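Working notes, beginning with the structure itself.
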Amino acid sequence: MSTVQNEQHNRTPHGGGEHSLISVVVPCYNEQEVLPEFYRRLSTVLDDLNYSSEIVFVNDGSKDDTLEAMFRWNEADPRVAVIDLSRNFGKEIAMSAGLDHAKGDAVIVIDADLQDPPEVIPKLIEQWEEGYDNVYAKRTVREGETILKKTTASWFYRLIQHVSHVRIPEDTGDFRLLSRLAVDSLIKLREQHRFMKGLFSWIGYPSKAVTYRRDPRGAGESKWNYWKLWNFAIEGITSFSIVPLKIATYVGLTTAVIAFIYGFKVIYKTLVYGDPVAGFPTLMVVILFLGGVQLMSLGIIGEYLGRMFDETKRRPLYLVNRYSPARMCTEKQDERSGTMLAENVT
Ligand code: UDP
Ligand code: MG
């Protein structure tokens, strides 16, 4: 398949047993219903790994008891870190906050709603050990989703493949593993309009797909509706392509040429046949058509201009209300700086 970049070269194996740390980033927005079950399943998976691990819960301004649960686990489990954002920033930014704070040598991003089964994590890690930096989970089955959602999703992927240079693999969500190298590269991209699927592909590096069955949501409800999905699609296209601007140019150009030819015909008819004033319907049609094309083009330009406006403000991506790192990591760090101190003394 041409869209999937399985590069075979330039790979150096990762890993290193328990010295390596695996971070799991979980963006959460009103997930109190599934979170306990998610935490239980994730913990079971992490317990069986040969690596030490860290769970970075990001609370994206939840209005229910999600945060309380997170802090409870933060107290009880030295692996759990909690980032409480100051309000709801949306999944893309919540994910970025998690990536910024994750300390692992490999970082996994996973949804809290159990649609991405935590049991796939060992398979992602296997590929990372093989030396892949960007291991993404590819869905084979999408359960619990309507035909309409599936079709529109597939159209969207085809469209974005055509209009942008970045190859975004189809049927791939945000569920993936990134090596430290990939994470460090990704967190350098600070744009406000974050189409993460595109950014994940943009950074490149040896990438590999791991297939899995996407389950229906464990509990609670999806935060997506068709209006949000539509905006998400616009975000994806405008962040990674200027083709719509080109289309506006060419539609404008074509109408101008047609108008010119038509104008010529009108003048010719008037001069040669002395046509009396007529053609109100044609006039209306032309005015309305041109008006429509102009407004549409302005709208397209506006989309890009608005994005430029947002970027020029250079605001931080998110604000953190409270950050409580995983105790295990701070202990490890203390240990490390302790030995460094000792080395400096001697
Ligand atoms: N999410 C978030 N902030 C938001 C919306 C969603 O952090 O504003 C999280 C949500 O808690 C879940 C993940 O993003 O862990 C995916 O959300 P959802 O299941 O609603 O999306 P879908 O699976 O339908 O694409
Ligand atoms: Mg979901």
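Both ligands and their constituent atoms are indexed starting at 1 by order of listing. This structure is a prediction, so every number in the text was calculated from the model and none was measured.
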Would you kindly specify which portion of [X] sits under 4.0 Å from ligand 1, judged on non-hydrogen atoms: side chain, backbone, both or neither?
X    : result
E31  : side chain
N88  : side chain
M95  : neither
D111 : both

Side-chain H-bond candidate by donor/acceptor type, [X] with [Y], under 3.5 Å:
X    : Y    : value
Y212 : K123 : no
D310 : H193 : yes
E31  : T66  : no

Taking the side chain as everything from C-beta on, heavy atoms only, tell me whether C28 gets closer than 4.5 Å to F38. no
Do R307 and E235 meet the salt-bridge criterion of a basic N to acidic O distance under 4.0 Å? yes
Is I247 linked to L305 within one hydrophobic cluster, defined over Ile, Leu, Val, Met, Phe, Trp and Tyr using a side-chain heavy-atom separation of less than 4.5 Å? no
Using distance alone, decide if ligand 1 has a nitrogen or oxygen within less than 3.5 Å of any nitrogen or oxygen in A112. yes
Would you mind listing which atoms of ligand 1 come within a distance below 4.0 Å of any non-hydrogen atom of D60? 2 (C), 3 (N), 4 (C), 7 (O), 8 (O)
Per-atom contacts, ligand 1 versus C28 - under 4.0 Å to a heavy atom: 7 (O), 11 (O)
Of all the N, O or S atoms in D113, the one nearest to the Mg ion (ligand 2) is OD2
